There are 2 protein chains.
Amino acid sequence: MSTPEPGYKSSTGTGGVKNHVVIDVVLRVVLFATSLVALIVMVTSKQTKLVPVAPGMAISMVANFDQTPAFIYFIVAMSVACLYSIITGALSILALLKLKQGSMKLVFHFVILDTLLLGVLASATGAAGGVAYIGYKGNSHSRWNKVCNVFDSFCGHVLGSLAVSLLPSIALLLLVWLSVFMFSKKIRLN
Amino acid sequence: MSTPEPGYKSSTGTGGVKNHVVIDVVLRVVLFATSLVALIVMVTSKQTKLVPVAPGMAISMVANFDQTPAFIYFIVAMSVACLYSIITGALSILALLKLKQGSMKLVFHFVILDTLLLGVLASATGAAGGVAYIGYKGNSHSRWNKVCNVFDSFCGHVLGSLAVSLLPSIALLLLVWLSVFMFSKKIRLN
């Protein structure tokens, strides 16, 4: 039906392209798994605590991610990354099964979207990280007290989620690098 | 000395590559100018104000970017972007003057570093934005009062710097897209 793209069968052969697509799929699985974990850990961060306000008197206080816009942005970005990794992962697996002519076109579309999502994810991680740092350390200059000494479990969830959330960004960075590497190899092949 | 790279003289010819390099240089100038403006506006944000604490008594309070780690990270990231844009801009101009064989190799190295810097800049803008939002709106749940009603000039600088700081990230995103576009065009040419 379609003629094989020039360069596929030369020095590296189909095996070279296949290896690239396998790494692509693996990285998309990592992207999916890590963004899902970061998402779940952040969503389940809710903590209710009795905070003493006077001798013999305490009020029930709730800490949840939806009280902070930066954490909501973080959740949205991670959800998008999750969904995106499922769609692109499926397309990558299809490309792996067929190794059809359009695969370089697919790589082109992938790298465009990967880069955009990298920017979104990095900014979301940054925003959540910036706010979490204040929650953890406080800021005496603006009189923002730390909240992690009170809401320890909530903070544990947020910090855990943030630590994991670095991985989707790294996976996306590696995906972009991989695509660029595929392009450069293709140019040298011809 | 060196043979011209295959594909340069075909359908789009040297003119096509030249146009790409010109856009590349323009985007790097935009990257330099906007990151420098964001840097200067943030660095000059210092504000000293007399805050009344009791009737007839006021204390002098200072707001400065170096009181918030997120803003320091922002400054460092913008400085790196500034320096990076000077170096890569100069290399791009050299490539424009020579249009030598190595220019595609240069594009390869550029896109690798551009993507990395995009991640760093986006996270820095996110971190500073997350903290600035609290300063602007406060957060009643964690009892963090807004500071922008007191330090209006400081907040004006921070918000201005943040608004401008979106442009370097957009410029880097476009630079990566441009490089990928160059690669894809090159593959189709051969």
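Since we're looking at a predicted model, the values are computed, not measured. Any value given below was found using the heavy atoms of this structure, including those in side chains, with hydrogens, waters and symmetry copies removed. Below, chain A is the first sequence line, B the second, and so on; all start at residue 1.
Heavy atoms of A:L121 lying under 4.5 Å from chain B are absent altogether. In this structure, the portions of B:I112 lying under 4.5 Å from any heavy atom of chain A include both its backbone and its side chain. Neither the backbone nor the side chain of B:S179 comes within less than 4.5 Å of any heavy atom in chain A. Of the two parts of A:T115, the backbone and the side chain both hold a non-hydrogen atom closer than 4.5 Å to a non-hydrogen atom of chain B. Of the atoms belonging to B:L172, not a single heavy atom falls under 4.5 Å from chain A. Using a 4.5 Å cut-off between heavy atoms, B:V176 contacts chain A through its side chain alone, with no backbone atom that close.
Heavy-atom pairs under 4.5 Å with chain A were tallied for B:V62, B:L173, B:T125, B:L118; the largest tally goes to B:L173. Highest contact tally toward chain A, considering only B:S169, B:P69, B:G129, is held by B:P69 [criterion: heavy-atom pairs under 4.5 Å].
Residues B:L31 and B:V41 are members of separate hydrophobic clusters, defined by side-chain heavy-atom contacts under 4.5 angstrom among Ile, Leu, Val, Met, Phe, Trp and Tyr. A:V29 and A:V164 are members of different hydrophobic clusters when ILVMFWY side chains are connected at heavy-atom separations under 4.5 Å. Hydrophobic cluster membership is shared by A:W177 and A:L113, with clusters built from Ile, Leu, Val, Met, Phe, Trp and Tyr side chains linked at under 4.5 angstrom. Hydrophobic clustering (ILVMFWY, side-chain heavy atoms < 4.5 Å, transitive): A:L175 and A:I170 are in one cluster. Connection of A:V80 to A:L166 is not established within any shared hydrophobic cluster, with ILVMFWY side chains joined at heavy-atom distances below 4.5 Å, either directly or through further cluster members.
Enclosure of atom NZ in A:K49 by more than 12 non-hydrogen atoms of other residues, nucleotides or ligands within 6.0 angstrom is indicated.
A:F108 and B:F181 have tilted rings, their planes meeting at an angle from 30° to 60° on a 0 to 90° scale.
Minimum interatomic distance between A:A122 and B:G119 (heavy atoms only, all atoms of both residues): CB-O, 3.4 Å.
Interface residues of residues 130-155 of chain A toward chain B, defined by a heavy-atom distance below 4.5 Å and sorted by number: A:G130, A:V131, A:Y133, A:I134, A:G135, A:N139, A:H141, A:S142, A:R143, A:W144, A:N145, A:V147.
Taking a 4.5 Å side-chain heavy-atom cut-off between Ile, Leu, Val, Met, Phe, Trp and Tyr, the cluster of A:Y73 extends to A:V120.
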